[in-house]
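We count residues from 1, following the sequence as given.
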Amino acid sequence: RRPVASLEQLYCQALVLHPVLIDKVQDWALASGGSFRGVGSESRSGHYVKWQPGASPGDRDELAAAVHWCGIKSASRAAEKAIRVYAKDVSYLVDLCRQSIYFSSVGDVRRCLGSIAGDSDIVVVRIKN
């Protein structure tokens with residue numbers, strides 16, 4: 001393993017992987033009964049969108065439009081974190097792309113973790129609350 005040495009390289013990777021992550025979290029939410037924060041819900045008490053797309057391909061796009069997807073972490077925030085927390089070593093930045101899935105039960109969380117662990121495209125390196 002050769003660590004990434006530049007923030008620019010990380011951002012190039014993040015731009016490519018961001019839509020892939022969104023597709024993945026949609027699959028994991030569907031498999032586990034998860035929900036996403038809805039558009040216009042700026043606070044934790046906002047509304048949530050249960051991920052249950054219908055059978056037609058357009059249903060998934062319509063549902064995705066109602067979700068507030070997290071963007072890629074800003075370059076200024078990433079640089080600040082690399083300097084303040086990681087002694088300027090950008091290879092420790094692991095959250096440029098991130099999303100959140102919300103659950104109504106511990107069983108749903110367990111199903112989601114099982115879905116992630118069973119995904120052949122994914123290697124779980126660390127779990128953080």
Side-chain angles (χ1 to χ4, degrees):
R1 174 187 177 280
R2 211 173 92 209
V4 174
S6 75
L7 198 53
E8 292 82 7
Q9 185 180 3
L10 277 179
Y11 270 90
C12 287
Q13 293 172 348
L15 287 170
V16 172
L17 291 174
H18 188 253
V20 175
L21 177 61
I22 289 175
D23 285 344
K24 287 291 185 182
V25 296
Q26 290 172 357
D27 292 343
W28 300 330
L30 181 61
S32 60
S35 299
F36 298 105
R37 200 165 53 125
V39 170
S41 59
E42 287 76 27
S43 70
R44 290 184 186 257
S45 61
H47 71 281
Y48 295 88
V49 177
K50 185 81 161 177
W51 194 255
Q52 297 175 322
S56 75
D59 290 344
R60 192 171 178 127
D61 294 338
E62 187 176 317
L63 193 57
V67 171
H68 173 81
W69 300 108
C70 297
I72 296 172
K73 181 176 283 202
S74 74
S76 62
R77 176 67 185 114
E80 175 189 331
K81 189 172 183 181
I83 292 166
R84 187 174 48 82
V85 179
Y86 301 126
K88 299 182 183 178
D89 186 346
V90 298
S91 69
Y92 287 101
L93 292 171
V94 296
D95 63 345
L96 294 185
C97 295
R98 71 256 193 236
Q99 297 298 325
S100 296
I101 305 173
Y102 298 87
F103 302 98
S104 58
S105 74
V106 173
D108 292 345
V109 174
R110 184 187 53 74
R111 278 190 293 284
C112 186
L113 289 173
S115 183
I116 292 169
D119 190 323
S120 62
D121 295 330
I122 301 300
V123 175
V124 176
V125 176
R126 155 179 105 162
I127 295 177
K128 181 180 174 185
N129 66 342

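Taking both residues in full, the closest heavy atoms of Gln99 and Trp69 are given as OE1-CE3, 3.4 Å, listed atom of the first, atom of the second, then distance. Across every non-hydrogen atom of Leu63 and Lys50, the tightest pair is CD2-O, 3.9 Å.
When hydrophobic clusters are built by joining Ile, Leu, Val, Met, Phe, Trp and Tyr residues whose side-chain heavy atoms come closer than 4.5 Å, directly or via intermediates, Val4 is not grouped with Val16. With hydrophobic clusters built from ILVMFWY side chains whose heavy atoms lie under 4.5 angstrom apart, Val123 does not share a cluster with Leu10. Linking ILVMFWY residues whenever their side-chain heavy atoms come closer than 4.5 Å, directly or via other members, places Phe103 and Leu113 in the same cluster. Note on Leu30: it does not cluster hydrophobically with Tyr102, by side-chain heavy-atom contacts below 4.5 Å among ILVMFWY residues. Criterion: ILVMFWY side-chain heavy atoms under 4.5 Å apart, direct or through other members. Under it, Val90 and Tyr92 are part of a common hydrophobic cluster.
Remark: Asp27 engages Arg60 in a salt bridge (charged side-chain N to carboxylate O under 4.0 Å, His left out) (not counting sequence neighbours).
Remark: Ile122 CD1 to Leu21 CG distance equals 8.0 Å, nearest 0.5 Å. Leu15 contributes atom CG, which lies 7.5 Å from atom SG of Cys97 (distance to the nearest 0.5 angstrom). For the atom pair NZ of Lys24 and CG of Asp121, the computed distance is 3.5 Å after rounding to the nearest 0.5 Å. Leu96 CG to Ser74 OG: the interatomic distance, rounded to the nearest 0.5 Å, is 9.5 Å.
Here the side chains of Pro19 and Asp23 are not in contact, with every heavy-atom distance at 4.5 Å or above. Looking only at side-chain heavy atoms (C-beta outward), Ile101 and Trp51 stay at 4.5 Å or farther from each other. Annotation: side chain of Leu93 is in contact with side chain of Leu7 (closest heavy-atom distance under 4.5 Å).
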Side chain to side chain contact (heavy atoms under 4.5 Å, CB included) between Val67 and Gln26, intermediate numbers included: CA-CA 11 Å; Val67 171; Gln26 290 172 357; over 6 Å; no
Distance-only criterion, 3.5 Å: show the donor-acceptor pairs between side-chain atoms of residues 77-86 and protein atoms not counting sequence neighbours.
residue: Lys81; atom: NZ; partner: Asp95; partner atom: OD2; Å: 3.2

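With His18 contributing its side chain and Cys70 its backbone, the two residues share a donor-acceptor pair below 3.5 Å. Side-chain atoms of Arg111 do not come within 3.5 Å of backbone N or O of Ala29 as any donor-acceptor pair. Side-chain atoms of Trp28 do not come within 3.5 Å of backbone N or O of Gly34 as any donor-acceptor pair.
Heavy-atom neighbours of Gln9 CD from other residues, nucleotides or ligands within 6.0 Å: above the threshold of 12.
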